[in-house]
Asker: 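Have a look at this one.
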Amino acid sequence: MVEAAELIDNDFLRQFELKIDDHLAKIEYSLQERKIFLTKLIIPEGIKNQDFSKEFLAAVFEQIEERNLSVVPTSPEIAKFVRSNRKYKRMLPVGVRI
């Protein structure tokens with residue numbers, strides 16, 4: 001589902017966006033120096049796929065990794081995703097533990 005859609009980094013609104021059918025999933029962020037703070041995950045009610053949020057977050061983390069940024073998840077849902085996916089823990093800045 002996520003692979004077919006285009007992930008957009010809307011830097012004006014400071015959010016990653018993924019449009020599925022008529023629904024817009026978003027992850028809001030704040031960028032400071034070489035760190036990106038992921039503050040809010042918004043998945044519309046109309047998206048029924050239970051794995052969608054995991055796939056969406058994985059796509060966002062891959063894009064952030066390509067930009068060589070550290071990630072600070074401040075949203076509980078995003079922190080839970082990092083905890084359950086050890087490969088993304090290396091993207092946390094020094095001193096940040098989840």
Asker: Drop me the distance from N49's CG to K54's NZ, to the nearest 0.5 angstrom.
Answerer: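 Spacing of CG (N49) from NZ (K54) equals 10.0 Å.
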
Asker: Got a sec, which pairs hit ring-ring contact (aromatic ring centres under 6.0 Å, His included) with one end in residues 25-47, sequence neighbours left out?
Answerer: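 Found F16-Y29.
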
Asker: Which residues pass the side-chain hydrogen bond (donor to acceptor under 3.5 Å, both in side chains) test with Q15, sequence neighbours left out?
Answerer: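 Q15 satisfies side-chain hydrogen bond (donor to acceptor under 3.5 Å, both in side chains) with E17 once adjacent residues are dropped.
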
Asker: Please report the closest heavy-atom contact between L38 and I78, naming both atoms and the distance.
Answerer: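 Heavy atoms only, the tightest pair is CB-CD1, 3.7 Å.
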
Asker: How far apart are the closest heavy atoms of A25 and F52, and which atoms are they?
Answerer: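 Where A25 meets F52 most closely, the heavy atoms are CB-CE2, 3.6 Å.
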
Asker: Using atom types as modelled and distance alone, determine if a side-chain donor or acceptor of D21 lies under 3.5 Å from a backbone N or O of H23.
Answerer: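 No; judged by distance alone, with no hydrogens or angles, the pair does not exist.
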
Asker: Return yes when atom CZ of R86 has more than 12 non-hydrogen atoms of other residues, nucleotides or ligands closer than 6.0 Å, and no otherwise.
Answerer: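 At most 12 heavy atoms, drawn from other residues, nucleotides or ligands, come within 6.0 Å of this atom.
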
Asker: Just jot down the side-chain hydrogen bond (donor to acceptor under 3.5 Å, both in side chains) partners of S75, sequence neighbours excluded, or say none.
Answerer: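 Partners of S75 by the side-chain hydrogen bond (donor to acceptor under 3.5 Å, both in side chains) criterion, ordered by chain and then number, come out as E77.
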
Asker: Could you state the interatomic distance from CD (E28) to CG (N10), rounded to the nearest 0.5 Å?
Answerer: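 E28 atom CD to N10 atom CG measures 11.0 Å (nearest 0.5 Å).
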
Asker: Among residues two or more places apart or on two chains, list those pairs meeting side chain to side chain donor-acceptor pair (under 3.5 Å) that have a residue in residues 59-70.
Answerer: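 Only D9-R67, E62-Y88, E65-R90 qualify under side chain to side chain donor-acceptor pair (under 3.5 Å).
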
Asker: Determine, step by step, whether L7 and V60 satisfy the side chain to side chain contact (heavy atoms under 4.5 Å, CB included) criterion, reporting the C-alpha distance in whole Å, the side-chain angles of both residues, the deciding distance to 0.1 Å, and the verdict.
Answerer: CA-CA 8 Å; L7 178 65; V60 167; 3.9 Å; yes

Asker: Might you point out which heavy atoms bring L24 and P44 nearest each other, and give the distance in Å?
Answerer: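 Shortest heavy-atom contact: O-CG, 3.3 Å.
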
Asker: Could you see if I8 belongs to whatever hydrophobic cluster contains I64? Use Ile, Leu, Val, Met, Phe, Trp, Tyr and a side-chain cutoff under 4.5 Å.
Answerer: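 No.
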
Asker: Does F12 sit in a hydrophobic cluster with other residues, and if so which ones, taking ILVMFWY side chains as linked at heavy-atom separations under 4.5 Å, directly or through other members?
Answerer: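 L13, which link up through side-chain heavy atoms under 4.5 Å apart, make up the rest of the cluster.
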
Asker: Rounded to the nearest 0.5 Å, what separation is found between the OG atom of S30 and the NZ atom of K40?
Answerer: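 Here the rounded value is 14.5 Å.
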
Asker: Going through the distances and angles, do V82 and K89 end up as a side chain to side chain contact (heavy atoms under 4.5 Å, CB included)?
Answerer: CA-CA 6 Å; V82 173; K89 285 187 178 182; 3.9 Å; yes

Asker: Out of curiosity, does V72 fall in the hydrophobic cluster containing L69 (side-chain heavy atoms, cut-off under 4.5 Å, transitive links)?
Answerer: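 Not linked; separate clusters.
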
Asker: Which heavy atom of V71 sits nearest a heavy atom of P93, and at what distance?
Answerer: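 Taking every non-hydrogen atom into account, O-CD, 3.2 Å.
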
Asker: First locate atom CZ of F56, then atom CG of L18, and finally report the distance between them rounded to the nearest 0.5 Å.
Answerer: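 Interatomic distance, F56 CZ to L18 CG, rounded to 0.5 Å: 5.5 Å.
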
Asker: Starting at CD1 of I27, measure out to CD1 of I42 and round the result to the nearest 0.5 Å.
Answerer: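 Between I27 CD1 and I42 CD1, I get 9.5 Å after rounding to 0.5 Å.
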
Asker: Quick check: does any side chain N or O of T39 sit under 3.5 Å from a backbone N or O of T74, one acting as donor and the other as acceptor?
Answerer: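 Flag not set: sc T39 to bb T74 has no pair under 3.5 Å.
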
